[in-house]
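In what follows, chains carry the letters A, B, and so on, assigned in the order in which the sequence lines appear, proteins first and then strands, with residues in each chain numbered from 1.
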2 protein chains.
Amino acid sequence: MILVLSNNYSHIKEKLSEAGLKVTHQRIVIMDSILRLDNHPTVEQIFDLIRDANPSLSLGTVYKTVETFVNNGLLSKVSTNEGQMRYDPKLHNHGHIYCGNTSEIIDYYDEELNDMILNFFKKKKVNNLKIKNITLQINGDKIDPEKDILIK
Amino acid sequence: MILVLSNNYSHIKEKLSEAGLKVTHQRIVIMDSILRLDNHPTVEQIFDLIRDANPSLSLGTVYKTVETFVNNGLLSKVSTNEGQMRYDPKLHNHGHIYCGNTSEIIDYYDEELNDMILNFFKKKKVNNLKIKNITLQINGDKIDPEKDILIK
DNA sequence: CTATTTGCAAATAATTTGCAGCTGG
DNA sequence: CCAGCTGCAAATTATTTGCAAATAG
């Protein structure tokens, strides 16, 4: 029986190659940190997570790299009212919950709601616009900031 | 028959007073320009529109003023992927169409869709979150950048 | 080998701050 | 009058740029 060990970062390397990007250590580490951080990190948060283990990696490289990732469809850019861009590795059509009091951004996706909205826009047309995607933005405040938000 | 002339800026002055803000020339001119510009201006666009007629009014004051307006519920803040905040004088629950190729932000509101979404969130609950509002973000590109977007 | 990518430092852009002087209520 | 505004300049923050050295393919 042959056991194929899941090679470190193999999934990320593959994604980079598929996108036609050179597979560099910096890119792997940056993508990995975004996936691990999960909640839509800022450039600063990415840099803070990886700088100790990669002392020569510079902040400028993080800026350039996330921009490259966005341009090649590996990340999407999420703007906030706090003046810093954040980066989202989930590429399927999904919405976000913005917590005003904790600055968290939480993914929101509901199949039923999504279908409802897509059906609606099959009927109602917006002329002279090529729609790329439609997302829902839910603004609110966490009631208990210590606890998580639970989508039922 | 008594004809009451619509006093200049009277509506804006009223809004400011109601919000408990002092009615200053700067605030009137800034709010007026936002209403006139209509399409979710940046601070720079506001400033450009009013600077000639108000040479002593400074850019810093525009920044402070729009922030005051947001904090007092007279404007809402709209973030973009272009690194500049934009300001929206329409306060009722409505969505935005973001044109990637022209950087325009166009209001979108449909009663039926709005009801549909609100009803949905009466059933599905998001625990530990006090929802303030739910808006739709429609991303796309204008097909003919010269022409307007027409919502049918 | 060579087109890309990276690191670094300097530049730019957007926004905020501090504070003295002005002004609306 | 005086708390709240404004103007101005300097400070801060986020991001971009330019370029020489490094490196993936």
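At C:dC8, none of the side-chain N or O atoms of A:S58 fall inside 4.0 Å of OP1 or OP2 (strictly under the cut-off). Taking only side-chain nitrogens and oxygens, B:Y63 never comes nearer than 4.0 Å to OP1 or OP2 of C:dT16. The shortest distance between the side-chain N/O atoms of A:T24 and the OP1/OP2 oxygens of C:dT5 is not below 4.0 Å. For A:Q84, no side-chain nitrogen or oxygen approaches OP1 or OP2 of C:dA14 to under 4.0 Å. Between B:Q26 and C:dT23, a side-chain N or O to OP1/OP2 separation shorter than 4.0 Å is absent.
A:T68 comes within contact range of no nucleotide atom at all, as no heavy-atom separation falls under 4.0 Å. The residue A:V43 sits apart from the nucleic acid: no heavy atom pair falls under 4.0 Å. The residue A:S56 sits close only to the backbone: its heavy atoms come under 4.0 Å of sugar-phosphate atoms, none of a base.
Counted by atom type alone, A:D148 and B:N128 present zero donor-acceptor pairs between their side chains at under 3.5 Å. Using a 3.5 Å distance cut-off with no hydrogens or angles, the side chains of A:E44 and A:T42 do not pair a donor with an acceptor.
For B:L59, whose side chain is taken as the heavy atoms from C-beta onward, the closest listed nucleotide among D:dG7, C:dT6, C:dT15 is C:dT15. Out of D:dG18, C:dT17, C:dA3, the shortest distance to the side chain of A:K64 is found at D:dG18.
Computed from coordinates, the B:F69 CZ to D:dC5 C1' distance equals 12 Å when rounded to whole Å. Atom CG of B:N54 is separated from atom P of D:dC8 by 13 Å (rounded to the nearest Å). The CD-P distance, from B:E67 to C:dT15, rounds to 10 Å in whole Å. In this entry the distance linking CG of A:N71 with C1' of C:dT4 reads 15 Å, nearest Å. Computed from coordinates, the A:I46 CD1 to D:dT15 C1' distance equals 14 Å when rounded to whole Å. The CD atom of A:Q45 sits 11 Å away from the P atom of D:dA14 (whole-angstrom rounding). The distance between atom CG of A:N81 and atom C1' of C:dA14, rounded to the nearest whole Å, is 15 Å. In this structure, the CD atom of B:E44 is 16 Å from the P atom of C:dT12, given to the nearest Å.
Positionally, the nearest nucleotide of DNA chain C for B:K77 lies more toward the 5' end than for the other of B:K22 and B:K77. Nearest-nucleotide assignment on DNA chain C puts the 5′-proximal partner with B:G60, out of B:G60 and B:H25. Comparing A:E82 and B:R27 against DNA chain D, the residue whose closest nucleotide sits nearer the 5' end is B:R27.
Counting non-hydrogen atoms of other residues, nucleotides and ligands closer than 6.0 Å to NZ of A:K142 gives a total above 12. Other residues, nucleotides and ligands contribute more than 12 heavy atoms inside 6.0 Å of the NZ atom of A:K90.
The aromatic rings of A:H92 and A:Y109 stand perpendicular to each other, their planes meeting at an angle above 60°, with 30° marking the opposite boundary.
Under 4.0 Å is where a charged nitrogen must lie from a carboxylate oxygen, and between A:K122 and A:D115 no such pair does.
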